[in-house]
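Working notes, beginning with the structure itself.
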Amino acid sequence: MEATDLRRAWAPRFTRRAAGIQGSVIDSSTSLLQRQTHDVIPFAMGSPAPDAIPTEAFEELGRAVLHAGGAGAFGYGPTEGERALRSALLDSLATEGEEVEPDRLLITAGGMQGLDLVCKLFVDAGDLVVAESPTYTNGTATIASYEGNVLEVPVDDDGMEVDALPELVRADGRTPRMIYTIPNYQNPSGTTLSLPRRVRLLELAEEWDAVVLEDDPYRMLHFEGPPPASLRALSGDAARVIAVHTFSKTVAPGLRVGWIVAHAPIVERMIAAKQGMDTCTNVFSQRLVAEFIVRGLLDAHVERLRRSYREKKVAMQSALGRFFGDVEGVSWTDPAGGLFLWLSLPPGSDSTALFPVALEEGVAFIPGSAFSVGGAFRDALRLCFSYPDEERIVEGVRRLRVAFDRTT
Ligand SMILES: Cc1ncc(COP(=O)(O)O)c(C=O)c1O
């Protein structure tokens, strides 16, 4: 009998859900930039600066983790997170005035896994999810992967235009199942949701019986004092508010360590869901972060980041003034923290067409349309100021202007 020839062409039959799975222009930029053989100044990925990664401390802490835990540092760990990290984090949150019950804490593989877990539990196919516009590409990609539909709400200097929300919802006809917000130094616009709007947003969530997904990677990276109280705190710790955080921006993104704060029954479900994903978060990374906190290094480190990123933001703004000040219709935001500036080009500009030219000139950014499910913001772009040093920031903005002139 002849064996079946398994080499013939085969067209995979994906799930219906797979059709909604989108990649991320932001994440893809990392591979794209790694492939470049010429000098490119990266304003694209929202990464800490290379000198902001505490590698020297890691060397010592890594040895300490190995010494204390041996092979266990590379074993499986509890899904809810390593005991050492959980207790270090709970103490550190309590010092910040945020008391969290242990059963409300879940350690995750970065903020992205937090977003995924929340959407997995709370977004069904066809559900309406409110989000800022522009917003974090990977957040809306996660919503789409669970077949949720995003309702885009414009953003101004005070964050999401919450007062416009009821009318937008009425026009859609569905009641939102979830509100996805990045309240502090929003990615990509850099804006912060004002206190009155936070209060109003919670009222609307109550009215609609919606879950609030508070995606908050940047809270600690403030330049002018802390942002307003978190939605979770303002809600009086209401079950409907789920906060997703990460150490990616304050310690190191490659460690892939973040956390969720939610009510215990939700955390329980998330633990079950995480067991079907990755079993546990990287144990070595968790123990490293725990040591970093326990030895009091995190606070001083974050303070350094605040100073450095504030200076870099100013450097980028003054470079924009110098190289784009003469272009009518160009403006940029003034974030009070975080990593990003939002640059608006003259109406009719096309930042997607600008991108390859800028890459040729040796500078990378993320085109504005990546931050809208409807493809808005073609005439805007996101600039990350945290990664290059100040000299490279100035040179990057100069190159951007050269590219801009080539496309106009
Ligand atoms: C708003 C927002 N949420 C979540 C994340 C994802 O964080 P992580 O890299 O820890 O998965 C990011 C990273 O850029 C972000 O900007």
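Counting starts at 1 for both ligands and their atoms, in listed order.
- Of all protein heavy atoms, the one closest to atom 1 (C) of ligand 1 is Asp215 OD2, 3.2 Å.
- Polar contact check, Asn187 against ligand 1: a nitrogen or oxygen pair lies under 3.5 Å apart.
- Within the 4.0 Å heavy-atom criterion, the part of Pro217 lying near ligand 1 is the side chain and not the backbone.
- In summary, Arg295 and Glu60 engage in a salt bridge, as defined by a charged side-chain N under 4.0 Å from a carboxylate O.
- Other residues, nucleotides and ligands place no more than 12 heavy atoms under 6.0 Å from the OH atom of Tyr387.
- Under the 3.5 Å distance criterion, the side-chain polar atoms of Arg198 are matched with a main-chain donor or acceptor of Pro183.
- Ranked by closest heavy atom to atom 16 (O) of ligand 1, the top entry among Tyr185, Tyr180, Tyr218, Phe340 is Tyr218.
- Below 3.5 Å of separation, one finds no N or O of Gly110 facing any N or O of ligand 1.
- Ring centroid separation for the pair Tyr185 and His222 does not come in under the 6.0 Å cut-off.
- Residue contacts with ligand 1: Met112 is placed with a nitrogen or oxygen under 3.5 Å of a nitrogen or oxygen of the ligand (distance criterion only).
- Residue-ligand proximity, Arg256 to ligand 1, at heavy-atom distances under 4.0 Å covers atoms 8 (P), 9 (O), 10 (O), 11 (O).
- Closest to atom 13 (C) of ligand 1 among all protein heavy atoms lies Lys249 NZ, 3.0 Å.
- Residue nearest to atom 6 (C) of ligand 1, selected from Phe247, Tyr136, Trp259: Tyr136 (by heavy-atom distance).
- In this structure, the ring of Phe324 has its center no less than 6.0 angstrom from the ring center of Trp332.
- Taking the six-membered ring where the residue is Trp, Phe385 and Phe223 present tilted rings, their angle falling between 30° and 60°.
- The aromatic ring centroids of Phe74 and Phe284 lie less than 6.0 Å from each other.
- The shell of residues lying under 4.0 angstrom from ligand 1, judged by heavy atoms, excludes Gln113.
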